[in-house]
Amino acid sequence: MRRKLIFAALMLFLMMDAVAAVAAPKVNTFERPAAGSAYSLSEWGFDGWSAPWDNGMSNRTMIDTAFSHTGGKSLRVFYPKDQIGPANSGAQAPFAVTPGQEYYLSYWVRFSSDFSWGTTEFAGKLGLGLAGGGACSGGIPCTGYNGFSSRIIWRSGGQAAIYYYHMGNGGQYGDYAILKNNNGSDIYYQKGQWINIVQRLKVNTVTNGNANPDGQIQIWYNGVSAANISGLRFVRNADKVDKAYFSSFFGGATPSFAPVNNSYVWYDDIKVSTMKSDICELDVGGCVSRFYQAENYSNMKGVMTEPTPDTGGGLNVGGIDATDWIAFSNVSIPTAGTYLVEYRVASPNNGGRISLDINAGGTVLGYADVPNTGSWSSYQTITHTVQIPAGTHQFGIYAVVGGFDINWWKLTKLY
């Protein structure tokens, strides 16, 4: 009997481990905390991301409303003029993920319109990368026992590249590969617009302590393949991908790599998963998105339309009291998944609340609280995430508690 219990416990452990390996991806849309506040390591932790240390998260990051890829907020990272290295530039933290043989990492970035690529030398790390074990970097040779790292970088003029440390580095520092367009030309980052980067890293297999040359790195730029590096040897031991490594700073080892002016990068919609299917940026046509002006409802109860003072003009839906609603028919959702829902709202009142439903209220998908935005003319974007099944649905926006106006709403698939 005791052996049976031990066997059952072992099987349960293995099953739990398997479930963890295919768990939902780690996602961050930066919709909290309040705009203008630093996104410190403790705030990352509140949203489910843990790291043993960081550089710059408390003093060079900010939750910002100036630009966002989805929702109303994003993470702004500051790169001070004349500064290099993670202690004085950008931000860095090795966020833990469940160890896995293979991971996908996706994020959106936006360079400030006057972003400086450097002074007389040009190189810097951008956003997040994938790493494992000791995450060898910084000129430390990778031995197969001290891990590996793979990060996106910029070079002169904003030339895009992947920079990776593995057992076969050609010199003291990591190797790099320039990202390429379909026509073979080099990719250069565009300032002032959102860019999507997806990285896949597959760790090599190991036989009797020997590293087999079957590791791989792939990069997609705005959904299009931009690099495919195979035959890599990362490890001789059991190290796996265990870090989504936020590592973004200027340098290079000398001040000649520093920016000539204060520069910024905004980050949004970070996703890390063992499953390609969780990265909808790689789907044909990208992530499903649906946008609706509130006044274009197919049916309603108790509301009115009026000219809106919000950006873009047009009409908004107002006169919303408790139990009022607007409905939108024939909304096609081609794939089930987790969606970010955005509402553009204004209210001088406290305590407003929205529910989103399908099937004429038969299925409530979720709720969002409407804040006091200051006045009827001051609009904010509020968000929540919901699970939506595939199909053609009627969506209803229902006022659990009224006292707000709504200009538009939007659905975007996260994964």
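Since we're looking at a predicted model, the values are computed, not measured.
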Specify whether [X] and [Y] have parallel, tilted or perpendicular ring planes, treating 30° as the upper limit for parallel and 60° as the lower limit for perpendicular.
X: Phe111; Y: Phe115; value: perpendicular
X: Tyr164; Y: His166; value: tilted
X: Phe328; Y: Tyr292; value: tilted
X: Trp44; Y: Trp49; value: perpendicular
X: Tyr343; Y: His384; value: parallel

Return the set of residues passing side chain to side chain contact (heavy atoms under 4.5 Å, CB included) with [X] (not counting sequence neighbours), or none when no residue passes.
X: Pro141; result: none
X: Asn350; result: Asn372
X: Ser289; result: Lys410, Thr412

With sequence neighbours excluded, give me every salt bridge (charged side-chain N to carboxylate O under 4.0 Å, His left out) pair touching residues 194-208.
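Found Glu102-Arg200.
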Applying salt bridge (charged side-chain N to carboxylate O under 4.0 Å, His left out), which residue pairs with at least one partner in residues 44-55 are found, sequence neighbours left out?
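Found Arg32-Asp47.
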Cation over ring, Arg151 on Tyr163, under 6.0 Å and within 45°?
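The answer is no; the distance or angle limit is not met.
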Should the pair Arg155 and Tyr176 be classed as cation-pi, given the thresholds of under 6.0 Å to the six-membered ring centre and 45° from the axis?
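Yes, Arg155 sits over the ring of Tyr176.
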With a 4.5 Å heavy-atom cut-off, do Val400 and Ile354 have their side chains touching?
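Val400 vs Ile354: side chains apart.
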What I'd like to find out is whether the side chain of Phe148 reaches to under 4.5 Å of the side chain of Tyr165, using heavy atoms alone.
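Side-chain contact under 4.5 Å: no.
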Out of Phe257, Trp154, Phe78, which one pairs with Phe250 under the ring-ring contact (aromatic ring centres under 6.0 Å, His included) rule?
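Filter result, single survivor: Trp154.
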Can you spot which of Asn316, Thr381, Thr308, Thr311 makes a side chain to side chain donor-acceptor pair (under 3.5 Å) with Arg344?
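Result: among Asn316, Thr381, Thr308, Thr311, Thr381 is the only option passing the side chain to side chain donor-acceptor pair (under 3.5 Å) with Arg344.
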Does the side chain of Thr70 pick up a donor-acceptor pair with the side chain of Glu342 at under 3.5 Å?
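No, no side-chain donor-acceptor pair sits under 3.5 Å.
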Could you verify whether a donor N or O on one side chain and an acceptor N or O on the other, from Ser40 and Ser58, lie under 3.5 Å apart?
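Side chains of Ser40 and Ser58: no pair found under 3.5 Å.
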With sequence neighbours excluded, what pairs up with Asp175 under the salt bridge (charged side-chain N to carboxylate O under 4.0 Å, His left out) test?
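Partners of Asp175 under the salt bridge (charged side-chain N to carboxylate O under 4.0 Å, His left out) test: none.
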What I want to find out is whether Asp186 reaches Lys180 closely enough, with some N-O distance under 4.0 Å, to be called a salt bridge.
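Looking at Asp186 and Lys180, the cut-off is met.
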